[in-house]
Amino acid sequence: MNAKDEDHQRYGLYDPANEHDACGVGWLADLQGRRSHRLIEQGIRVLQNLAHRGATGADSHTGDGAGLLFQVPDVFLRVACDRLGFALPPAGRYGVAMGFFPDDAAGRDTCRRAVEQAARDEGAPVLGWREVPTDRSVLGATARRECPVVMQAFLDG
């Protein structure tokens with residue numbers, strides 16, 4: 001048993017014997033499928049801990065695009081969409097598409113129209129759009145210069 005194993009005990013699916021140097025990937029899950037903000041907080045901690053594995057870009061303040069994948073936060077999105085003037089179908093009956101759009105309004109409109117047409121063609125029309133709030137002040141120079149406008153399209157499914 002090495003020092004790392006002494007600091008960590010087996011728990012659930014975690015086994016310190018599986019610890020080794022590798023590219024940074026972290027997995028967190030509630031084995032009963034419960035939603036919890038605690039999992040999001042833990043996921044952010046995982047991302048912070050991956051910085052030592054080279055998870056930075058051209059400057060030390062720009063990340064490599066790593067992120068979190070989690071269940072659709074239905075209650076949060078339902079409130080946000082109500083504020084934007086459209087209602088969502090019941091949970092599990094809609095989809096959320098994340099898009100990274102040009103900073104200029106004309107380019108963004110062109111992209112939105114293309115997404116809406118493709119969604120209609122596939123039988124899942126766009127119910128509405130939401131611009132995801134971003135805080136560019138926390139970005140490095142490279143990321144700030146290239147930062148897209150993040151949009152969510154809500155699809156009727």
Side-chain angles (χ1 to χ4, degrees), residues 12-14 21-157:
L13 297 176
Y14 174 76
D21 290 335
C23 187
V25 174
W27 294 92
L28 295 168
D30 182 289
L31 297 180
Q32 284 73 46
R34 295 172 296 211
R35 297 171 189 234
S36 166
H37 187 71
R38 184 171 176 261
L39 284 172
I40 302 299
E41 292 168 346
Q42 291 172 329
I44 291 169
R45 198 169 321 121
V46 168
L47 290 173
Q48 290 168 337
N49 290 335
L50 293 177
H52 75 283
R53 305 221 184 218
T56 56
D59 66 61
S60 63
H61 300 289
T62 299
D64 67 348
L68 301 174
L69 177 64
F70 51 89
Q71 292 168 311
V72 173
D74 179 67
V75 173
F76 171 82
L77 293 176
R78 195 166 296 286
V79 170
C81 292
D82 283 345
R83 288 181 182 153
L84 292 169
F86 64 95
L88 293 175
R93 301 287 307 167
Y94 67 92
V96 184
M98 298 292 289
F100 302 96
F101 289 63
D103 200 28
D104 69 284
R108 204 164 40 254
D109 287 343
T110 299
C111 291
R112 284 173 56 155
R113 284 192 304 276
V115 168
E116 289 171 355
Q117 182 61 53
R120 271 192 307 275
D121 291 349
E122 294 299 323
V126 173
L127 299 167
W129 290 89
R130 174 177 179 261
E131 184 173 335
V132 177
T134 56
D135 180 0
R136 293 178 181 217
S137 71
V138 301
L139 301 177
T142 303
R144 198 169 29 256
R145 187 173 51 252
E146 303 296 328
C147 185
V149 174
V150 182
M151 302 287 296
Q152 292 173 320
F154 294 87
L155 307 170
D156 192 3

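Taking Arg136 as the reference, Asp103 meet the salt bridge (Lys or Arg N to Asp or Glu O under 4.0 Å) condition, with sequence neighbours excluded. Applying the salt bridge (Lys or Arg N to Asp or Glu O under 4.0 Å) rule to Arg120 yields no partners; only residues at least two apart in sequence or on another chain are considered.
Contact of the Val115 side chain with the Met151 side chain is not registered, since no non-hydrogen atoms from C-beta on lie closer than 4.5 Å. Counting heavy atoms from C-beta on, the side chains of Cys147 and Leu139 come closer than 4.5 Å. You'll find the side chain of Ile40 reaches within 4.5 Å of the side chain of Phe70, heavy atoms only. Within the 4.5 Å cutoff, the side chain of Leu155 has heavy atoms near those of the Val126 side chain.
Here the CZ-CZ distance, from Arg112 to Arg108, works out to 8.0 Å after rounding to the nearest 0.5 Å. Atom CG of Leu68 is separated from atom CG of Leu39 by 10.5 Å, given to the nearest 0.5 angstrom. The CZ atom of Phe100 sits 14.5 Å away from the CD atom of Glu146 when rounded to the nearest 0.5 Å. Rounded to the nearest 0.5 Å, atoms CG (Leu77) and OH (Tyr94) are 5.0 Å apart. To the nearest 0.5 angstrom, Leu47 atom CG is 11.5 Å from Arg45 atom CZ.
Between Gly43 and Leu28, the shortest heavy-atom distance links the atoms N-CD1, 3.3 Å. Considering all non-hydrogen atoms of both residues, Asp156 and Pro89 come closest at OD1-CG, 3.8 Å. Residues Gly26 and Val46 approach most closely at CA-CG1, 3.8 Å, considering heavy atoms.
The environment of CD in Glu122 is sparse: at most 12 heavy-atom neighbours from other residues, nucleotides or ligands sit within 6.0 Å.
The aromatic rings of Trp129 and Phe101 stand perpendicular to each other, their planes meeting at an angle above 60°, with 30° marking the opposite boundary.
Looking only at distances, a side-chain donor or acceptor of Arg78 sits under 3.5 Å from a matching main-chain atom of Leu88. Within the 3.5 Å criterion, the main-chain N or O of Val72 finds a donor-acceptor partner in the side chain of Arg35.
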